[in-house]
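Heads up: the structure comes next, in structure tokens.
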Amino acid sequence: MKPTMRSLAGLAGLLLLASCQDNQQDAQHAPREKGQVFHWKMVTTWPPDFPIFQEGAEKFASDLRLMSDGRLQIQVYAGGELVPPLQVFDAVSAGTVEMGHGASYYWAGKVPAAQFFSAVPFGMDAHGMQAWLTAGGGLELWREIYAPFQVRPFPMGNTGTQMGGWFNKELHGLEDLRGLRMRIPGLGGKVLAEAGGNPVLMSGAELYTALERGIIDATEWVSPFHDLRLGLNDAAEYYYYPGWHEPGTEFELIIHDNAWQQLPRDLQRMVETAATATGVWIRAQMDVHNREALAGLLQQDKVKLRRFPEEMLNELYRVTTRTLNETAARDKDFQRVYQAYDTFRQGLRAWRELGEDAYREARSTARRKHSNEDNS
Ligand code: CA
């Protein structure tokens with residue numbers, strides 16, 4: 001029998017209905033096979049709707065829902081929605097929630113050695129952190145440091161090298177940092193204090209008003225894309241680079257030990273794989289958005305883009321080494337991680353000087369030479 005138009009329309013309708021039901025099933029993430037369904041909570045240190053960072057955590061959860069066919073369902077809460085941003089580690093450690101996303105330098109007060117797994121002034125960039133954490137022994141060490149807290153860390157994202165920050169005055173030398181009230185977290189803040197400045201801790205939401213009203217003289221935040229979203233370009237004139245204090249800040253996914261052990265092996269592997277994929281996504285988003293934001297920023301006459309004076313950077317480097325050594329002398333774990341980090345960094349430096357560094361230098365020299373020829 002030849003199909004009539006009416007029966008074809010009927011068939012199309014049935015197919016449409018079936019696909020709607022599929023979609024509904026996807027939307028509810030109902031498991032299609034028998035098996036345990038895990039309903040987990042994830043808290044983050046990021047503001048609600050914060051682009052790239054909070055967005056990345058939410059993408060991670062929705063990818064896992066899909067990959068696990070609904071067997072692992074993670075409800076994501078931004079900073080302050082379930083627990084305050086700086087209590088994410090405690091909430092995961094206590095098992096109040098199963099998961100968290102943030103950066104390990106936020107827990108410096110509790111675990112000073114944790115800072116090596118986020119950002120070290122004049123330390124490794126995103127590229128180096130990835131090598132150390134993925135294949136250079138860094139992750140094993142990180143897990144040892146977090147083990148007493150029943151927390152299991154995974155790398156999940158990196159900001160790339162940040163900007164040095166917004167200042168309400170021009171900087172000529174180290175003496176300009178004396179008495180400077182600057183929002184700068186982690187080891188960078190410690191180094192600023194050693195150099196005579198006054199590091200201040202405040203959340204991103206407070207920065208614009210504090211800088212604009214002169215409660216602080218300077219602030220660092222992230223890089224052009226996130227800085228412009230806070231309007232920091234309207235609060236101070238001078239925008240300094242490079243971000244010596246955060247050369248490539250790594251983000252962490254943290255999971256409570258018992259929750260992790262309850263997951264079947266296939267779901268564990270999905271979590272690891274999704275964390276890696278989300279990390280790549282975050283890193284790429286940073287470059288794509290900063291590229292666009294910088295182009296817009298360069299067109300604003302009122303923003304004065306400046307490189308930190310070379311002598312100041314040299315001095316900050318010296319103060320950084322002293323600060324790290326002094327902290328290591330007081331804290332055994334800090335000492336142990338510092339040693340491993342530094343050994344890896346030195347070996348990597350020797351290799352990279354012949355590879356990427358030499359290539360970049362050669363390319364800059366060649367480009368300058370040819371652009372001079374083009375201009376002459
Ligand atoms: Ca920062």
Side-chain angles (χ1 to χ4, degrees), residues 44-47 50-57 78-79 85-86 88 101-109 114-126 128-129 155-168 171 177 180-193 195 197-208 210-211 216-233 235-236 238-252 279 282-283 285-287 289-290 293-294 297 305-308 313 316 320 323:
T44 79
T45 55
W46 321 120
F50 196 65
I52 308 180
F53 303 177
Q54 180 68 14
E55 214 182 334
L86 300 183
V88 164
H101 188 233
S104 62
Y105 57 23
Y106 292 135
W107 336 125
Q115 296 174 98
F116 287 100
F117 308 108
S118 51
V120 176
F122 296 102
M124 287 191 276
D125 59 13
M129 288 299 281
M156 190 162 112
N158 192 298
T159 63
T161 304
Q162 300 194 5
M163 286 293 281
W166 298 86
F167 294 76
N168 64 9
L171 305 172
L177 298 182
L180 187 89
R181 290 162 302 170
M182 178 173 182
R183 184 269 183 190
I184 173 170
L187 285 166
K190 275 197 144 183
V191 173
L192 179 73
N198 295 325
V200 179
L201 264 188
M202 49 175 69
S203 75
E206 303 166 89
L207 295 185
Y208 174 85
L211 186 58
I216 51 176
D217 308 308
T219 184
E220 71 80 50
W221 178 228
V222 191
S223 33
F225 174 65
H226 288 103
D227 290 8
L228 291 192
R229 279 186 79 100
L230 285 193
L232 296 177
N233 50 319
Y238 295 95
Y239 195 21
Y240 273 91
Y241 69 95
W244 58 274
H245 64 302
E246 294 196 59
T249 303
E250 189 75 24
F251 293 157
E252 62 178 16
I282 289 176
R283 181 76 198 88
Q285 292 288 322
M286 291 302 286
D287 272 336
H289 287 277
N290 280 320
L294 179 65
L297 192 80
L305 198 60
R306 296 280 189 275
R307 192 177 193 278
F308 285 119
L313 289 171
L316 286 169
T320 296
T323 307

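Every number for a ligand or one of its atoms is a count from 1 in the order of the listing.
A donor-acceptor contact shorter than 3.5 Å is absent between the side chain of T249 and the backbone of T159. Put simply, the side chain of Y240 gets close to the backbone of L171: a donor and an acceptor are under 3.5 Å apart. Judged purely by atom type and a 3.5 angstrom limit, E55 uses its side chain to pair as donor or acceptor with the backbone of I52.
Only protein atoms were considered; those of element N, O or S under 3.0 Å from the Ca ion (ligand 1) number 5.
Screening D227, N290, V222 for a side-chain contact (heavy atoms from CB on, under 4.5 Å) with Q162, the sole residue that qualifies is V222.
In this structure, F167 and F308 have perpendicular ring planes: the angle between them is above 60°, well past the 30° mark.
Closest of all the heavy-atom pairs between G188 and H245 is CA-CB, 3.9 Å.
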